[in-house]
Amino acid sequence: MIRVLIADDQPLVRRGLALILGPDPGLEVVGEAEDGARAVALARDLRPDVVVMDIRMPVLDGVQATAELARTLPEVRVLALSTFDMDEYVVAALRAGAYGFLPKDVSPEELGAAVRTVHGGEAVVAPRLLTRLLSAYVRTPAPARPAAAAAAAVPPDMTPREREIWQLLATGLENAEIAAELDISVSTVKNHITGIFGKLGVRDRAQAVIAAYESGLVEAGRGSG
């Protein structure tokens, strides 16, 4: 059973999510929280496997709550939900430590599948959000990006091969495609990606892609920064 905590400031939304997830034989809704602070407190008490977290909540918003959980309870996975699928919310949630970001209008089947995916340690971002997010980064000149993005940099200890693989990963290539492009094995690509994640301080491909655009490694119409 995957234990799920639901955090949303609207009682009807909480109840609706519980009704969607509750009947699933592989999921168990163990609690509901009305704000981010309560979500963090309940997560400490109940130790859920996954927190379905609304982004905009009072007292402590979903991004801050996610960051606190990532810092203190890293074994708890956060799946962020929002009716506001704005790019900055997606980036903020993923950078705070969320394993996924979905709009609230996803189907019950998609929500259940996403909970299972993040529980397994994989990232989930709704295709329409990820596509638009990456499109926005590709089209936006580096000087116009937020100050936080401008501060990002390629780690000085990253090897040329790691930088090359990071760049290919950021353009959307899968491991097998990267291996074919560089004429190396898939297992070698996986080993390099593990090292890249460690040097970037990121957890998954979605965060690595964001870091690539923020660092300037990938620019509009260019292969490298």
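Treat the numbers as computed from the prediction; the structure is a model and nothing was measured. Throughout, numbering of the chain's residues begins at 1 and tracks the sequence.
Applying the salt bridge (charged side-chain N to carboxylate O under 4.0 Å, His left out) rule to E164 yields the partners R161; only residues at least two apart in sequence or on another chain are considered. Partners of E28 under the side chain to side chain donor-acceptor pair (under 3.5 Å) rule, at least two apart in sequence or in another chain, do not exist in this structure. Here E75 pairs with R47 under the salt bridge (charged side-chain N to carboxylate O under 4.0 Å, His left out) rule; sequence neighbours left out.
Rounded to the nearest 0.5 angstrom, K199 NZ and M158 CE are separated by 6.5 Å. Rounding to the nearest 0.5 Å places CD1 of I193 at 11.0 Å from OG1 of T188. Here the CD atom belonging to Q167 is positioned 7.5 Å from the CZ atom belonging to R163, to the nearest 0.5 angstrom. Atom OG1 of T159 is separated from atom NE2 of H192 by 6.5 Å, given to the nearest 0.5 angstrom.
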Determine all donor-acceptor pairs shorter than 3.5 Å in which one atom belongs to a side chain in residues 111-124; sequence neighbours excluded.
{"from": "R116", "atom 1": "NH1", "to": "D24", "atom 2": "OD2", "distance (Å)": "2.9"}
{"from": "R116", "atom 1": "NH2", "to": "D24", "atom 2": "OD1", "distance (Å)": "2.6"}
{"from": "R116", "atom 1": "NH2", "to": "D24", "atom 2": "OD2", "distance (Å)": "3.3"}
{"from": "T117", "atom 1": "OG1", "to": "A113", "atom 2": "O", "distance (Å)": "2.9"}

Would you tabulate the side-chain donor-acceptor contacts of residues 12-22 under 3.5 Å, counting partners in other chains and residues two or more places apart, or write 'none'?
{"from": "R14", "atom 1": "NH1", "to": "D8", "atom 2": "O", "distance (Å)": "2.7"}
{"from": "R15", "atom 1": "NH2", "to": "E32", "atom 2": "OE2", "distance (Å)": "2.6"}

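Closest heavy-atom contact between P155 and W166: CD-CZ3, 4.3 Å. Contact record, P74 with R71: CD-O, 4.4 Å, taken as the closest heavy-atom pair. What you find for S82 and F101 is that their closest heavy atoms are CB-CZ, 3.8 Å. Nearest approach of A208 to F197, heavy atoms of both residues: CB-CE1, 3.7 Å. Nearest heavy atoms, A39 versus A7: CB-CB, 3.7 Å. Taking each heavy atom of V63 and A96 in turn, the nearest pair found is O-CB, 3.6 Å.
With hydrogens and angles disregarded, no donor-acceptor distance shorter than 3.5 Å links the side chain of D61 to the backbone of I55. With hydrogens and angles ignored, the 3.5 Å screen pairs no side-chain donor or acceptor of K190 with any backbone N or O of N175.
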Checklist line | Stepwise side-chain contact (heavy atoms from CB on, under 4.5 Å) test for R44 and E68 | finding: CA-CA 11 Å; R44 289 171 177 158; E68 179 64 16; 2.8 Å; yes
Checklist line | Verdict with reasoning, D9 to D35, per side-chain contact (heavy atoms from CB on, under 4.5 Å) | finding: CA-CA 6 Å; D9 62 330; D35 58 59; 5.8 Å; no
Next item on the list: Would you please test E162 and L200 for side-chain contact (heavy atoms from CB on, under 4.5 Å) and show each step?
Entry: CA-CA 11 Å; E162 287 173 335; L200 292 175; over 6 Å; no
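Connectivity analysis of hydrophobic side chains (ILVMFWY, heavy atoms under 4.5 Å, direct or indirect) links V76 to L5, V30, V40, L42, L46, V51, M53, M57, L60, L69, L73, V78.
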